[in-house]
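Heads up, the thing below is written out as structure tokens.
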There are 2 protein chains.
Amino acid sequence: MPDPPPSLDPVQLGAYFALIEVTSLLRHAVEQQLREAGDLSYVQFQLLARLGDAPTGSHRMTDLADGVVYSRSALTYQAGLLEKAGLVTRAQAEDDERGTTVTITDAGRERLARVFPGHIEIVQQLLFEPLSGADVKALAALLEPVRDHMRAIPPRSAAPRRRRHAS
Amino acid sequence: MPDPPPSLDPVQLGAYFALIEVTSLLRHAVEQQLREAGDLSYVQFQLLARLGDAPTGSHRMTDLADGVVYSRSALTYQAGLLEKAGLVTRAQAEDDERGTTVTITDAGRERLARVFPGHIEIVQQLLFEPLSGADVKALAALLEPVRDHMRAIPPRSAAPRRRRHAS
DNA sequence: GACAGATGCTTCAAATTCGAAGCACACACC
DNA sequence: GGTGTGTGCTTCGAATTTGAAGCATCTGTC
């Protein structure tokens, strides 16, 4: 065995598993709430939230996809649904004929507003209830650098495309 | 406005978003690695890992589903795939005619062993690299209580069939 | 300018997900 | 024992996700 097997110590394992589990459970609960309160999936909510948060209320497709860590084709599908529901509009980007700019509509903002309180409540209840203010601050301080690290490491959206001619 | 709108302060928001993002990015990377290294989806890996970790190498379907936070029907599907691939076996539970016991096979253990090093490596690189030993310990100490809290809290809108006779 | 490769998005088929409904067994309780 | 409800798992259909392939446009280089 030339390769010394890499391993995680028990503390790391505990942190890793807890992270995965917490997020799975939270996501499940949130998904259910969003469905009931506003007939939105979690992805759709994330998309609307990102758009609503943007100064212009709009983003390009690729930015959205990267933002929520979704495949482009899935985003196309979801954007189609949201557009059909009147919550966003799609238009050709001004500076790039290929690009599509997605913009949240007033109806989209309303829907967002309708769903938000319940969303917050769930997160508050499930995630933050067992944590003190200092805990929350510590958690943020731990995770934000990790996120930045992850975003920085792989050249995102640079998935190599298969060549048509292998020669 | 009888209800004071619940809200999250900026620190909470930061922690929440970082949590979601970190997990999404991590999961994506891991998924890709697992696919390449051992032709396994993340769920399948989780299932095998849980089985491999169990003293008997087996679990009941429901326990698995609850463990990885999956729907029962999706689990049935995945268990079918794993069985077809020879990585697990399914047998009627001894003590309960309704129950199905899933057991990892030697081939399953081998597959797990084949995939594990790369898995660990990715987690190490993406999640733990920016964290000190103390950080990791702190992260685990923060998240584990949250997980326990979430597991303990019953879903707010009790599903139709969801009563457990806890005497 | 013209070309080759890169990029942005969509379309397509296949795989995976979920919830509801269904079936069979288990456990009370009378 | 019979009956009724609860539980364990699977089947079913519909919705969603994904990667590969396809188009249209952009960019760098000669």
Side-chain angles (χ1 to χ4, degrees), chain A residues 24 27-29 31-32 34-36 39-47 59-66 68-85 90-102 155-167, chain B residues 24 27-28 31-32 34-36 39-47 59-85 88 90-102 155 157-167:
Chain A
S24 290
R27 187 175 181 129
H28 244 249
E31 201 135 86
Q32 186 174 334
L34 288 174
R35 186 70 68 192
E36 288 170 7
D39 200 43
L40 287 177
S41 70
Y42 192 38
V43 204
Q44 293 171 335
F45 171 73
Q46 282 183 296
L47 294 176
H59 273 307
R60 299 215 342 270
M61 292 287 281
T62 292
D63 297 333
L64 275 178
D66 284 348
V68 299
V69 192
Y70 248 46
S71 75
R72 279 94 214 282
S73 40
L75 177 59
T76 295
Y77 177 73
Q78 287 296 346
L81 288 186
L82 288 174
E83 187 178 36
K84 200 165 297 179
R90 277 191 288 187
Q92 205 174 65
E94 294 179 3
D95 53 336
D96 188 334
E97 297 263 347
R98 301 165 298 177
T100 300
T101 297
V102 186
R156 287 198 53 65
S157 107
R161 275 218 198 183
R162 189 167 301 272
R163 293 173 151 227
R164 292 163 104 187
H165 289 296
S167 51
Chain B
S24 290
R27 188 173 179 130
H28 242 249
E31 200 135 86
Q32 187 174 334
L34 288 173
R35 185 70 67 191
E36 286 169 10
D39 200 43
L40 286 177
S41 70
Y42 192 39
V43 203
Q44 293 173 335
F45 170 73
Q46 282 184 298
L47 295 175
H59 273 304
R60 294 202 3 257
M61 291 287 281
T62 293
D63 297 332
L64 275 179
D66 285 347
V68 299
V69 193
Y70 248 46
S71 75
R72 278 95 216 277
S73 39
L75 176 58
T76 295
Y77 177 74
Q78 288 295 345
L81 289 186
L82 289 174
E83 187 178 35
K84 200 166 296 179
V88 306
R90 277 190 289 188
Q92 204 173 65
E94 293 179 3
D95 53 336
D96 188 333
E97 297 263 347
R98 300 166 298 178
T100 300
T101 296
V102 186
S157 62
R161 314 176 36 184
R162 217 215 153 253
R163 189 82 50 96
R164 205 151 216 186
H165 244 19
S167 45

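Here is the naming used below: chain letters follow the sequence lines, and residue numbers restart at 1 for every chain. Any value given below was found using the heavy atoms of this structure, including those in side chains, with hydrogens, waters and symmetry copies removed. From a predicted model like this one, the values you see are computed outputs, not experimental measurements.
Taking atom CZ of residue R35(B) and atom P of nucleotide dA15(C), one finds them 11 Å apart after rounding to whole Å. The distance between atom CZ of R72(B) and atom P of dT17(C), rounded to the nearest whole Å, is 15 Å. Rounded to whole Å, atom P of dT16(C) lies 11 Å from atom CG of L40(B). Atom pair D66(B):CG and dT7(D):C1' shows a separation of 12 Å (rounding to whole Å applied). The interatomic distance linking E97(A) (CD) with dT7(C) (P) rounds to 19 Å, in whole Å. Atom CD of E31(A) and atom C1' of dT16(D) are 11 Å apart (whole Å). Between D39(A) atom CG and dT16(D) atom C1' the separation is 14 Å, expressed in whole Å. In this structure, CD of E94(A) is placed 17 Å from P of dG8(C), rounded to the nearest angstrom.
Between E36(A) and Q32(A), the closest side-chain pair of non-hydrogen atoms falls below 4.5 Å. Between R60(A) and L64(A) the shortest side-chain heavy-atom distance does not fall below 4.5 Å. For the pair M61(B) and R72(B), the minimum side-chain heavy-atom distance is 4.5 Å or more. Side-chain atoms of V88(B) and E83(B), non-hydrogen and from C-beta on, do get closer than 4.5 Å to each other.
A donor-acceptor contact under 3.5 Å is formed by the side chain of S73(A) with the base of dG19(D).
For R98(A), taking side-chain heavy atoms from C-beta onward, the closest of the listed nucleotides dT7(C), dC25(C), dT10(D) is dT7(C). The R60(A) side chain lies nearest to dC9(C) when the options are dT17(C), dC9(C), dC9(D). Here the nucleotide nearest the side chain of T100(A), chosen from dC18(C), dC25(C), dC9(C), is dC9(C). Nearest to the side chain of H28(A), among dT10(D), dC18(C), dG8(C), sits dC18(C). The nucleotide whose nearest atom lies closest to any side-chain atom of D96(A) is, among dG8(C), dT16(D), dT10(D), dG8(C). Picking from dT17(D), dC9(C), dT16(C) the nucleotide with the shortest atom distance to the side chain of M61(A) gives dC9(C). For Y70(B), the side-chain atoms get nearest to dT17(C) when compared with the rest of dT17(C), dG8(D), dT16(D).
Along DNA chain D, the nucleotide closest to A74(A) and the one closest to A79(B) are compared, and the more 5′ of them pairs with A79(B).
Phosphate contact (OP1/OP2 of dT16(D), side-chain N/O of S41(A), threshold under 4.0 Å): absent. Residue Q32(B) has no polar side-chain atom (N or O) positioned under 4.0 Å from OP1 or OP2 of dG19(D). At least one side-chain nitrogen or oxygen of R90(A) sits closer than 4.0 Å to the OP1 or OP2 atom of dT10(C). Close to dT17(C), at under 4.0 Å from its OP1 or OP2, lies a side-chain N or O of Q78(B).
With rounding to the nearest 0.5 angstrom, the CG atom of L34(B) is 9.5 Å from the CD atom of Q46(B).
Among the heavy atoms of the strands, none lies under 4.0 Å from L64(B).
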Checking L47(A) against L75(A) for the side-chain contact (heavy atoms from CB on, under 4.5 Å) test, could you report, in this order, the C-alpha distance in whole Å, the side-chain angles of both residues, the deciding distance, and whether it holds? CA-CA 9 Å; L47(A) 294 176; L75(A) 177 59; 3.7 Å; yes
